[in-house]
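Down below is the structure, laid out as structure tokens.
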Amino acid sequence: SAGHSWADFDSYDEFLLKGAKEWGKNVAPHIESISSAITALDTSISNLNPNPEEVNLVSVVRYHLKPGKGSTFSRIIKKFHKMIRENKREGYYAFSWFVNGGKGPMVALALFHKNWAGMEGPEEKFPAFVERVMGEEEAKKTWEEFHDTYRSIDSFTAQLRRNLSILPEK
């Protein structure tokens, strides 16, 4: 879950007790394995929805970076982010860097959606947008450099189930 501070971990045991009984009864029997990680949201390359209550689906793409390629990845993403802002391209997203746990180095891109139809995205797909803004030659060079920053990618989509979630109090 997101939006926590380090101080929140001081009350983590209390938090676990709230849901431990339900977890043990209804979730644990269906889990084969579990892992956890701590990530840091990078607001310098994120476009967060000003109305987070509208978000019901999150598509997550995890980039498993090649060692030593984090700065190149960051530089290219900053370039893309600037293009998106300057051209007022629609869509909400966030980048988070894994700082503990997981198979690193790793960066996650979260794409936020109101509903399944919203996952279609803008009519102009992102690679075409990049080519239009940068020009064909620069776009090709940038994509080649970007693809050289990671060794693999995995992805998943998560749907918020408010009836099954412990949400922050407003």
Side-chain angles (χ1 to χ4, degrees), residues 1-12 15 31-52 54-114 118-122 124-160 165 168:
S1 59
H4 300 288
S5 70
W6 284 110
D8 293 331
F9 289 98
D10 290 333
S11 61
Y12 189 62
F15 171 78
I31 302 293
E32 181 177 316
S33 67
I34 191 166
S35 64
S36 64
I38 296 174
T39 61
L41 174 65
D42 190 338
T43 57
S44 74
I45 51 175
S46 296
N47 183 31
L48 300 174
N49 188 329
N51 302 307
E54 293 179 352
V55 176
N56 294 301
L57 294 163
V58 181
S59 300
V60 178
V61 181
R62 296 185 301 190
Y63 295 90
H64 302 268
L65 301 180
K66 293 178 181 176
K69 294 289 187 167
S71 61
T72 303
F73 181 92
S74 181
R75 178 179 48 78
I76 294 169
I77 294 302
K78 286 178 180 176
K79 185 186 297 188
F80 288 160
H81 178 68
K82 183 178 179 189
M83 290 169 40
I84 290 166
R85 290 279 205 200
E86 289 177 350
N87 290 274
K88 297 178 176 35
R89 182 175 170 86
E90 67 180 68
Y92 299 110
Y93 55 91
F95 280 91
S96 295
W97 295 84
F98 282 67
V99 295
N100 192 334
K103 296 177 182 176
M106 188 167 32
V107 180
L109 164 62
L111 302 160
F112 304 106
H113 309 286
K114 185 175 185 175
M119 292 182 69
E120 184 68 31
E124 181 182 40
K125 299 306 174 200
F126 194 69
F129 166 77
V130 170
E131 186 174 316
R132 177 176 58 79
V133 174
M134 289 184 155
E136 183 179 353
E137 194 170 308
E138 186 181 352
K140 182 180 178 193
K141 181 183 172 212
T142 300
W143 282 119
E144 286 172 358
E145 188 177 22
F146 177 72
H147 294 310
D148 187 50
T149 64
Y150 58 87
R151 62 183 183 275
S152 65
I153 297 173
D154 62 58
S155 63
F156 62 90
T157 299
Q159 182 176 16
L160 176 61
S165 301

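The two residues Val130 and Ala139 come nearest to each other via the heavy atoms CG1-CB, 4.0 Å. Shortest non-hydrogen contact noted between Leu160 and Val55 is CD2-O, 3.9 Å. Residues Arg89 and Phe126 approach most closely at NH2-N, 3.4 Å, considering heavy atoms. For the residue pair Ala108 and Phe98, the shortest heavy atom distance occurs at CB-CE1, 3.8 Å.
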Using a 3.5 Å cut-off and no angle test, enumerate the donor-acceptor pairs between side-chain atoms of residues 38-49 and protein atoms at least two apart in sequence or in another chain.
residue	atom	partner	partner atom	Å
Asp42	OD1	Ser44	N	3.1
Asp42	OD1	Ser44	OG	2.6
Asp42	OD2	Trp97	NE1	3.0
Ser46	OG	Asp42	O	2.7
Ser46	OG	Phe95	N	3.0
Asn47	OD1	Arg85	NH1	3.2
Asn47	ND2	Gly91	O	2.7
Asn49	OD1	Asn51	N	2.7

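With sequence neighbours excluded, no residue forms a ring pair (Phe, Tyr, Trp, His ring centres under 6.0 Å) with His113. With sequence neighbours left out, Arg132 forms a side chain to side chain donor-acceptor pair (under 3.5 Å) with Glu124.
Using modelled atom types, no side-chain atom of Arg62 and backbone atom of Asp154 make a donor-acceptor pair closer than 3.5 Å. Side-chain atoms of Asp148 do not come within 3.5 Å of backbone N or O of Glu144 as any donor-acceptor pair.
Inter-residue side-chain proximity for Ser74 and Lys69 is flagged as unmet; no heavy-atom pair is nearer than 4.5 Å. With contacts defined as side-chain heavy-atom distances shorter than 4.5 Å, the pair Phe146/Tyr63 qualifies.
Rounding to the nearest 0.5 Å places OG1 of Thr149 at 12.5 Å from NE2 of His64. A distance of 10.0 Å separates OG of Ser71 from NZ of Lys78, quoted to the nearest 0.5 Å. Between the CD1 atom in Ile84 and the NZ atom in Lys79 there is a gap of 13.5 Å [rounded to 0.5 Å]. Rounding to the nearest 0.5 Å gives a distance of 14.0 Å between CD of Glu145 and NZ of Lys140. For the atom pair OH (Tyr92) and CZ (Phe112), the distance works out to 11.5 Å, reported to the nearest 0.5 Å. To the nearest 0.5 Å, atoms CG (Asn100) and OG (Ser36) are separated by 8.0 Å.
Relative orientation of the Tyr93 and His81 rings is perpendicular, given thresholds of 30° and 60° on the angle between their planes.
Enclosure of atom CD in Gln159 by more than 12 non-hydrogen atoms of other residues, nucleotides or ligands within 6.0 angstrom is indicated.
Under a 4.0 Å N-O distance rule, the pair Lys125/Glu131 does not qualify as a salt bridge.
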